[in-house]
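Worksheet: one structure, shown below.
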Amino acid sequence: MSFTSIIQSAAIKSLSALYGQEFFKKDFQINETKPEFEGDYTIVLFALVKALKKSPEVLGHELGKLLLNNYPELFSSYNVIKGFLNLQIADEQLTAILLQHYNDENYGKQPANQKRVMVEYSSPNTNKPLHLGHLRNIFLGWSVAEILKANGSEVIKSAVVNDRGIHICKSMIAWQQFADGATPDSVKEKGDHFVGDYYVKFNDEYKKEVEELIKSGSTKEQAEKEAPIMKKTQQMLLDWEQGNPGVIELWKTMNSWVYKGFDETYKRIGSDFDHTFYESNTYLLGKDFVREGLEKNILFKKEDGSVWIDLSAENLDEKLVLRGDGTSVYITQDIGLAIQKFEEYHLDKSIYVIGDEQLYHMKVLKEIIRKLGFPFADEIFHLSYGMVELTTGKMKSREGTVVDADDIVEEMVATAEKHTKELGKVNDFSADELRELYEILGLGAMKFYLLRVDPKKRMVFNPEESIDFHGFTGPFVQYTYARIQSILRKVDSEGSVIGDETSDISKLLPLERQLILFLEKYAGTVSDAADEMNPSLIANYVFNLAKLYNSFYAEHSVANAENTEKKNLRLRLSVMTAHIIKSALQLLGIKVPARM
RNA sequence: GGCCCCGUAGCUCAGUGGAUAGAGCAACAGCCUUCUAAGCUGUGGGUCGAACGUUCGAGUCGUUCCGGGGUCACCA
């Protein structure tokens, strides 16, 4: 149990004893004491003043005295300033916590809670390579999945691959028309980039044809419909839906190129999935539910045969759920897949990591499922995140203003190499060890950068300035870990071990106290991050922990401490800090180096 | 236009109704004979977009306005 909740219940009991009435959590607040005041935790008394008709000062002293009296092992002193009762935690309590947890690599993790959750993320189209926006999505989804696991849930990581549809046919047509039989192998290009090139070629050619048609007298609208390459593409989509063997063969071949490229990227960035759904398998799902919805009068049919849902009562207007010709739109299959997920996997919760541009779409989806009468509608959760924008504006693949995922990863790894060589601290590493270190640092910088901000907020990336390795960054935290390992190696080589004495621990110095108090908060942070599905809470916590440890490190020597007791205390502090850094970074998908 | 999100230091961001609003970057000044200087310490930098309201107390809650973005397709 965290200090905050221990203090909370202690205060509730003491207040009831003092004033003979019941109190609850919501009746007062517990905060961390601001650094300019003496104390560790603060009970804010204002809210109690009215109910008890006592001045905050009197109240504070009465409560403070009783707390100290009733919990002498927990509190060592208190003071009252205005309406704030500041409490100091006893040193013995802090050292006890340290002793209990310092060597527990699972500190902060919760036992299984019998909840099964699916997290869907990544969900790329198979017609172009991944870009920076996908990376935010992937890192976010992966991290949230790990955070939920740490809190005891069973998590299924899933991806939906958008592998069919008109956009896929565009690359296929362009390949037929321009590739002259080229393959990723023949031109030595990564498969997803190779296919992406033909998607771009399609758009170039399409634009050219439209312009020519306009020149020869067509209107813009006509030209866009009549352009030969577009007509061919639409025909190909029909052929695909009818299972034309040649088209299916080409589709399979080109998709396999893309998958190979994606797999390479996923492997490098450390992303994985327990299950992949393919849109080509699921796009027909949902039609049955549309029929059911019509029977139940949840949906209605317009004169032209198209099917709609009226959500104007929910402020969501009318939404099309099936085309007039009976074919699916996006939401049709989403309805089907959403239901299939719950029924097949017996989920308690289904999380979708999707950009905030689809907020409306996801609200509608949830509402439709609710109206269809499925009780799990409330357990569909859209984890929406803001777009990654460039200083020059939005990323658009068609206009070539995207930051390619493979490129940026490569750049980060190269930057890690440059810094490492300049510092020259690991000149004895083998080539393999160096390569591994560069990956750990480069990806650490990249992931931390994308995860340290609140997912909900859109973020700006400046391609001109490379991502930093100093300050509020992954490498800063990794560096702190490496420093601790260095201490532990030194102590180990001297043949010392951490003693198991518990008595005679001298008074804690301010930075030692602060560190223990901060380490204690890790479990609460992991739990908050899970409740809010927000990895940035972990990133902020672990950065502040590293910062605090670095101050401690600069101020006090561990290996050459004043005496054995201090040395043991500081070794424990260091070991626990290292464990938590490793654990927290793992939740962000970031690895730690033993040296850097 | 309807609905939704966002405006905090020059830049990128924390701040979950409580005390004099905090970090990182950038700028400036110090600190390596001692466990890794990718570090530490310090200085400067703010009408929290604006106004009104609720409250003992508002960056945080409410209303209105201003500025930016998203979305409202028989697109995906």
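Here is how names work: the chains are called A, B, and so on, in the same order as the sequence lines, proteins then strands, and each is numbered from 1. Worth knowing before you read on, the calculation uses all heavy atoms, side chains too, and leaves out hydrogens, waters and symmetry mates.
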Answer yes or no: does a side-chain N or O of A:R570 lie under 4.0 Å from OP1 or OP2 of B:C35?
-> no

Test for a donor-acceptor pair under 3.5 Å between the base of B:A19 and the side chain of A:T33, counting only N and O atoms.
-> no

Examine A:R595 relative to A:F429 and say whether NZ or CZ is less than 6.0 Å from the centre of the six-membered ring and inside a 45° cone about the ring axis.
-> no

Matching residue for A:Y78 among A:E38, A:H61, A:Q88 - test: side-chain hydrogen bond (donor to acceptor under 3.5 Å, both in side chains) | A:H61

Among the nucleotides B:C72, B:C3, B:U20, whichever has the atom closest to the side chain of A:D317 is B:C72

Quick one: which of B:C72, B:C40, B:A76 gets closest to the side chain of A:K547?
-> B:C40

For A:T420, which contact category applies under a 4.0 Å heavy-atom criterion: base, sugar-phosphate, or nothing?
-> base

Determine yes or no for a side-chain-to-main-chain donor-acceptor pair under 3.5 angstrom, with A:S306 supplying the side chain and A:K302 the backbone.
-> no

Roughly how far, to the nearest 0.5 Å, is the OG1 atom of A:T473 from the NZ atom of A:K447?
-> 15.0 Å

Nearest-angstrom distance from the residue atom CD1 of A:I168 to C1' of B:C75 | 14 Å

Euclidean distance, atom CD1 of residue A:I354 to atom C1' of B:A76 [Å, nearest integer] | 12 Å

Quick one: the side chain of A:D468 and the base of B:A26, do they pair up donor-acceptor inside 3.5 Å?
-> no

To the side chain of A:Y479, which of B:U20, B:G18, B:A37 is closest?
-> B:A37

Nearest of B:A19, B:G70, B:A76 to any side-chain atom of A:F37?
-> B:A19

Looking only at side-chain N and O atoms, does A:H167 come under 4.0 Å of OP1 or OP2 in B:C75?
-> no

Determine, using ring centers only, whether A:F552 and A:Y549 are less than 6.0 Å apart.
-> yes

Going by an N to O cut-off under 4.0 Å, is there a salt bridge joining A:E32 and A:K521?
-> yes

Pairing of A:K566 and A:E512 as salt bridge, 4.0 angstrom limit | yes

Do the side-chain N or O atoms of A:K34 get closer than 4.0 angstrom to the phosphate oxygens (OP1, OP2) of B:A19?
-> yes

Nearest-angstrom distance from the residue atom CD1 of A:I467 to P of B:A26 | 15 Å

Would a distance-only check, ignoring hydrogens and angles, find a side-chain to backbone donor-acceptor pair under 3.5 Å from A:D163 to A:Y278?
-> no

A:Y541 ring center near A:F518 ring center (under 6.0 Å) | yes

SB check A:K225 A:E221 (cutoff 4.0 Å) = no

Here the distance between atom C1' of B:A37 and atom CZ of A:R483, to the nearest Å, is 7 Å

Give A:Y360 one of three labels, base, sugar-phosphate or nothing, depending on what nucleic acid heavy atoms sit under 4.0 Å from its own.
-> sugar-phosphate

Given atom CG of A:N31 and atom P of B:G15, what is their separation to the nearest angstrom?
-> 15 Å

Quick one: is the NZ or CZ of A:R452 closer than 6.0 Å to the six-membered ring centre of A:F543, and within 45° of its axis?
-> no

Candidate nucleotides B:G18, B:A19, B:A76, ranked by approach to the side chain of A:N86 - the nearest | B:A19

Base B:U71 paired with A:Q358 side chain (donor-acceptor, <3.5 Å) | no

Contacts to RNA chain B from residues 550-561 of chain A, heavy-atom cutoff under 4.0 Å, which residues?
-> A:N550, A:S551, A:Y553, A:A554, A:H556, A:S557, A:V558, A:A559, A:N560

Atom CG of A:N544 and atom P of B:A23: how far apart are they, to the nearest Å?
-> 10 Å

Interatomic distance, A:H361 NE2 vs B:C4 C1' [rounded to whole Å] = 16 Å

With respect to the side chain of A:E357, which nucleotide from B:U71, B:C75, B:A19 is positioned closest?
-> B:U71

Treat primed atoms plus P, OP1 and OP2 as sugar-phosphate and everything else as base, then score nucleotides 5-14 of chain B 5' to 3': B for base contact with protein heavy atoms under 4.0 Å, S for sugar-phosphate contact only, - for none.
-> --S----SSS

Describe the nucleic acid contact of A:E422 in one word from base, sugar-phosphate, nothing, applying a heavy-atom distance below 4.0 Å.
-> nothing

Just call it for A:A594: base, sugar-phosphate, or nothing, with non-hydrogen atoms closer than 4.0 Å on any strand.
-> base

Nearest-angstrom distance from the residue atom CE of A:M387 to P of B:G70 = 10 Å

